[in-house]
J.: 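Here it is: the structure, laid out below.
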Amino acid sequence: MPAPPPVESRGAPKRELTLLDSTSIIVGIIIGVGIYEASPLIARSVTGPAALLGVWLAGGAFALIGSLCYAELGTAYPAEGGDYVFLTRAFGRRMGFLFAWSELWVVRPGSIGAMAFVFADYADRLYPSGWGQVVYAAGSVIALTAINIVGVTTGKWTQNVLTATKVLGLLIVVIVGFFAASPAPLNVEPVAAAPANWGFAMILILYAYGGWNDIAYVGAEVRRPEKNIVRALLLGTAAVTAIYLLINGAFLYALGFRGTQDARAVAAQVAELGLGDWGARAVSVLVCISALGAISGMVFTGARIYYALGTDHMLFAPLGVWSKRFSTPLRSLVLQGLITLSVVIGFAQATDSSRSGFAKMVVFGSPLFWLFLLLVGVALFVLRRREPSRRDFFRVPGYPLTPLVFCASSLFMLYSSCKYAYDQRSIEALWAIGLFAVGLAISCLYTKDGPRRNTGDR
């Protein structure tokens, strides 16, 4: 069987992403809608204001630890594909294939679909379509896929604008909470009546911090990757942690701990205190923008995984073509969009109406996401020992404790997400298992370990 044509003849990624672009991708993906949806639930799961801020700080610490691990891997192997590159080098082409397959059919459609359903929920409240939320959800996937197809420059500037807008909007809520609203008492309020549920709180926290690792997928497009990947990861996670602490502080200051626990739309209630009825509507717009920013970032980075897959595996060689005209992995973007649309529309039509589209997407994609994140942590140990010549690049401080903490946290999240999927007895979990099994069978039948083309070497 002939090998795929050389990458050079099909176009190749260009280093067009600056430090600002890279940081914007990280911040834009992380700050989706978790901060709006999860804050009251987390408040109900802890014992008081200090504990609430403490778990948000703990989530930032996990993201920072993970960022340090990814910084070492990303600077040592700055190739397109991120986790795909790391897992293939550490465990072989079969593992790399299985990761990319799971991303294509389960993880990425679940992540993009979750944000699309949240966007659809708020957009339909602002401007009812008459056709249900699925129209808005599908439309957001189509529109942002098309924007990212047009070119890296268009895609990155769209991401930058969406990220700047959502950060500005959050800062406005912070200002309103601290300065325009009357402070609610904090210390005199009773603590949560129910026992603390720290495990559930951390599941929600780490979901809200999810996405910081996506910069590794575009390593071949980052300028000066040996410096900017590290800087973008650290700056992005630090900025998000600071924003999350500020916004939760504003919630507590304006509503009090009990008010934060009982809030149905916490950011909208804070905005309404200082700005009136139109403030709540403005927050709905902000949530829509936040969801779109997360979708755009995930569309942008996800397609790079399948491009890397296509450069290595003949079965997916058509995906390993980089469009010279648009300077994007056009075919990967199109396929990713079509699969995501199928998942969004299919699950929207499912007979189980007891859970939202957002919840269905989380059940669908989370277990495999945490499985492979755990394996990336293990890959750091493997590659450290196997390729000591890479020691001239960025090194994780506190090794081996730092990556051990990262692996332990990922293992906990894997267990928690599997337990949640099992408890729900959902058809989405069965679909995920079936698709993973198909990928496992294909990897055993058609994938042989050996040298790979997209090595991540400089």
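The figures that follow rest on heavy atoms only: side chains count, while hydrogens, waters and symmetry mates do not. Keep in mind that what you see is a predicted model, and the values were worked out from it rather than measured.
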J.: Could you report the tightest heavy-atom contact between T241 and G60, atom names first, then the distance?
T.: OG1-CA, 3.3 Å
J.: Tell me whether R304 contacts the main-chain N or O of F300 through its side chain, where contact means a donor paired with an acceptor under 3.5 Å.
T.: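 Yes, R304 side chain to F300 backbone: donor-acceptor pair under 3.5 Å.
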J.: Would you find a donor on one side and an acceptor on the other, under 3.5 Å apart, between the side chain of S366 and the backbone of S417?
T.: no
J.: Any chance the rings of Y84 and F99 have centres within less than 6.0 Å?
T.: no
J.: Quick one: are V321 and P329 in side-chain contact, heavy atoms under 4.5 Å?
T.: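 A side-chain contact is absent here, since even the closest heavy-atom pair is not under 4.5 Å.
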J.: S296 side chain to G293 main-chain N or O, any donor-acceptor pair under 3.5 Å?
T.: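 Not a single qualifying donor-acceptor pair exists.
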J.: Mind running side-chain hydrogen bond (donor to acceptor under 3.5 Å, both in side chains) on T328 and N148 for me, showing each step along the way?
T.: CA-CA 8 Å; T328 58; N148 280 282; over 6 Å; no
J.: Under a plain distance cut-off of 3.5 Å, with no hydrogens placed, do S24 and D21 share a side-chain donor-acceptor pair?
T.: no
J.: Let me see the working for L20 and T23 under side chain to side chain contact (heavy atoms under 4.5 Å, CB included), right down to the final yes or no.
T.: CA-CA 5 Å; L20 174 62; T23 305; 5.7 Å; no
J.: Under a 3.5 Å cutoff, is there a donor and acceptor pairing between the side chains of D312 and T88?
T.: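 Note: D312 and T88 side chains miss the donor-acceptor criterion.
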J.: Between S140 and L292, is there a side-chain heavy-atom distance shorter than 4.5 Å?
T.: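 SC-SC contact between L292 and S140 confirmed.
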J.: Compare all side-chain heavy atoms of M413 with those of F369 and state whether any distance is below 4.5 angstrom.
T.: no
J.: Flag the pair M95 / L375 as yes when at least one side-chain heavy-atom distance between them is below 4.5 Å, and no otherwise.
T.: yes
J.: Distance from I243 atom CD1 to N248 atom CG, nearest 0.5 Å?
T.: 12.0 Å
J.: Are S327 and W322 packed together at the side-chain level, in the sense that at least one heavy-atom pair is separated by less than 4.5 angstrom?
T.: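 Yes. Closest side-chain heavy atoms under 4.5 Å.
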J.: Cut-off 3.5 Å, side chains only: do E387 and Y77 have a donor facing an acceptor?
T.: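 Indeed, the side chains of E387 and Y77 share at least one donor-acceptor pair under 3.5 Å.
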J.: Could you walk me through whether Q133 and F119 satisfy the side chain to side chain contact (heavy atoms under 4.5 Å, CB included) test, starting with their C-alpha distance in whole Å, then the side-chain angles of each, then the deciding distance to 0.1 Å, before giving a yes or no?
T.: CA-CA 9 Å; Q133 297 178 6; F119 165 75; over 6 Å; no
J.: Could you tell me which non-hydrogen atom of V382 sits nearest to which non-hydrogen atom of A90, and how far apart they are?
T.: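 What the structure gives for the nearest pair is CG1-O, 3.7 Å.
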J.: Under 6.0 Å between ring centres, would you say that holds for W431 and F364?
T.: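 Aromatic pair excluded; centres sit 6.0 Å or further apart.
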J.: If you round to the nearest 0.5 Å, how far is CD of Q336 from CH2 of W105?
T.: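 Rounded to the nearest 0.5 Å, the CH2-CD separation comes out at 12.0 Å.
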J.: Hey, does the side chain of R386 reach the backbone of R89 with a donor-acceptor pair shorter than 3.5 angstrom?
T.: yes
J.: Just by modelled atom types, is the P397 backbone N or O under 3.5 Å from a matching donor or acceptor in the T402 side chain?
T.: yes
J.: Do L104 and I305 pass the side chain to side chain contact (heavy atoms under 4.5 Å, CB included) test, and can you show the C-alpha distance, the side-chain angles, and the key distance before you say yes or no?
T.: CA-CA 8 Å; L104 177 63; I305 303 171; over 6 Å; no
J.: Within the 4.5 Å heavy-atom criterion, are E103 and F372 side-chain neighbours or not?
T.: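 No, their side chains stay 4.5 Å or more apart.
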J.: Within the side chain of K166, is there an N or O that forms a donor-acceptor pair under 3.5 Å with the backbone of L286?
T.: no
J.: Between C288 and A123, what is the shortest heavy-atom contact and its length?
T.: SG-N, 3.6 Å
J.: Checking A294 now: which residues fulfil side-chain contact (heavy atoms from CB on, under 4.5 Å) with it, not counting sequence neighbours?
T.: M115, M298
J.: Rounded to the nearest 0.5 Å, how far does CG of L414 lie from NZ of K419?
T.: 14.0 Å
J.: What are the two closest non-hydrogen atoms of P109 and I339, and how far apart are they?
T.: CG-CG2, 3.8 Å
J.: Measure across A137 and V344 and return the closest heavy-atom pair with its distance rounded to 0.1 Å.
T.: CB-CG1, 3.8 Å
J.: Does the side chain to side chain contact (heavy atoms under 4.5 Å, CB included) test come out yes or no for F436 and L368, once each step is laid out?
T.: CA-CA 9 Å; F436 180 78; L368 287 179; 3.6 Å; yes
J.: Roughly how far, to the nearest 0.5 Å, is CG of L204 from OG of S39?
T.: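 Answer for the OG-CG pair, S39 versus L204, is 9.5 Å.
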J.: I'd like to know if the side chain of D121 pairs up with that of Y136 as donor and acceptor (distance under 3.5 Å, no hydrogens or angles considered).
T.: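 Absent: no donor and acceptor within the cut-off.
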J.: Rounded to the nearest 0.5 Å, what separates atom CG in L335 from atom OG1 in T145?
T.: 11.0 Å
J.: With the side chain counted from C-beta on, respond yes when V230 and E72 share a heavy-atom pair under 4.5 Å apart, and no when they do not.
T.: no
J.: Quick one: does S45's side chain get under 4.5 Å of I42's, heavy atoms only?
T.: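 When only atoms from C-beta onward are counted, I42 and S45 do not touch, as no gap falls below 4.5 Å.
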J.: Under 30°, 30 to 60°, or over 60°: which ring-plane class applies to Y209 and Y244, parallel, tilted or perpendicular?
T.: perpendicular
J.: Distance alone, cut at 3.5 Å: any donor-acceptor contact between the side chains of R331 and S323?
T.: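 There is no such pair (donor and acceptor under 3.5 Å, judged by atom type) between the side chains of R331 and S323.
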J.: Of all the heavy-atom pairs spanning F326 and I149, show the shortest one and how long it is.
T.: CB-O, 3.2 Å
J.: With rounding to the nearest 0.5 angstrom, report the CZ to CG distance, R94 to L87.
T.: 15.5 Å
J.: Between D83, I229, I65, V396, which is the residue that forms a side-chain contact (heavy atoms from CB on, under 4.5 Å) with Y70?
T.: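 The passing option is D83.
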J.: Would you say the ring centers of F97 and F316 fall short of 6.0 Å from each other?
T.: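 Judged by ring-centre distance (under 6.0 Å), F97 and F316 do meet the cut-off.
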